[in-house]
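Here the structure is laid out as structure tokens; the discussion comes afterwards.
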Amino acid sequence: MDMPNRPSASSWFRSRGGRRFGIEFTAIIVVKLILLTLIWFVCFRPHPRPDTRPGAIENRLLAPAAEAAHDR
């Protein structure tokens, strides 16, 4: 009796198509990481970091609200 669920002798990932899939998948991941890094350097890196010292946060939270133009 032949078992239908028996694993094959060689994996699909070791075949020519499997190796090509692995190379393409790796290339896509690497390109995405490069693009995300580029976006970060162009869009987010130039902006100054906010002041997160406890005193600065306290001053920001306790400062009186600026009067809006429509409240006059």
Side-chain angles (χ1 to χ4, degrees):
M1 291 182 153
D2 192 18
M3 308 268 303
N5 292 333
R6 196 177 109 219
S8 62
S10 65
S11 171
W12 176 81
F13 291 103
R14 294 187 186 269
S15 69
R16 183 176 182 190
R19 283 191 301 272
R20 181 175 178 195
F21 172 80
I23 290 169
E24 289 179 2
F25 187 77
T26 302
I28 289 170
I29 298 299
V30 169
V31 168
K32 284 184 175 187
L33 286 172
I34 290 170
L35 289 175
L36 284 172
T37 304
L38 179 66
I39 289 171
W40 184 82
F41 274 107
V42 169
C43 297
F44 298 106
R45 176 85 169 136
H47 294 288
R49 292 184 60 134
D51 190 5
T52 57
R53 292 177 297 148
I57 293 173
E58 182 180 0
N59 289 340
R60 175 73 175 161
L61 293 175
L62 297 178
E67 189 176 324
H70 60 40
D71 290 341
R72 293 182 188 189

Pairwise side chain to side chain donor-acceptor pair (under 3.5 Å) hits with a residue in residues 46-60, at least two apart = Asp51-Arg53

task = Sort and list the pairs that fulfil salt bridge (charged side-chain N to carboxylate O under 4.0 Å, His left out) and have at least one residue in residues 34-44, not counting sequence neighbours.
result = none

remark   = Connected to Val31, directly or through other members, by ILVMFWY side-chain contacts below 4.5 Å are Leu35

remark   = Excluding Val30, membership of its hydrophobic cluster (Ile, Leu, Val, Met, Phe, Trp, Tyr; side-chain heavy atoms within less than 4.5 Å) reads Ile34

task = Applying side chain to side chain contact (heavy atoms under 4.5 Å, CB included), name anything that partners Leu36, two or more places apart in sequence or on another chain.
result = none

request  = Apply side chain to side chain donor-acceptor pair (under 3.5 Å) to Arg20 and list each qualifying residue two or more places apart in sequence or on a separate chain.
outcome  = Glu24

task = Measure from the side-chain N and O atoms of Arg19 to the backbone N and O of Phe13, and report whether any donor-acceptor pair falls under 3.5 Å.
result = no

Set of side chain to side chain contact (heavy atoms under 4.5 Å, CB included) partners for Arg45, sequence neighbours left out = Trp40, Phe41

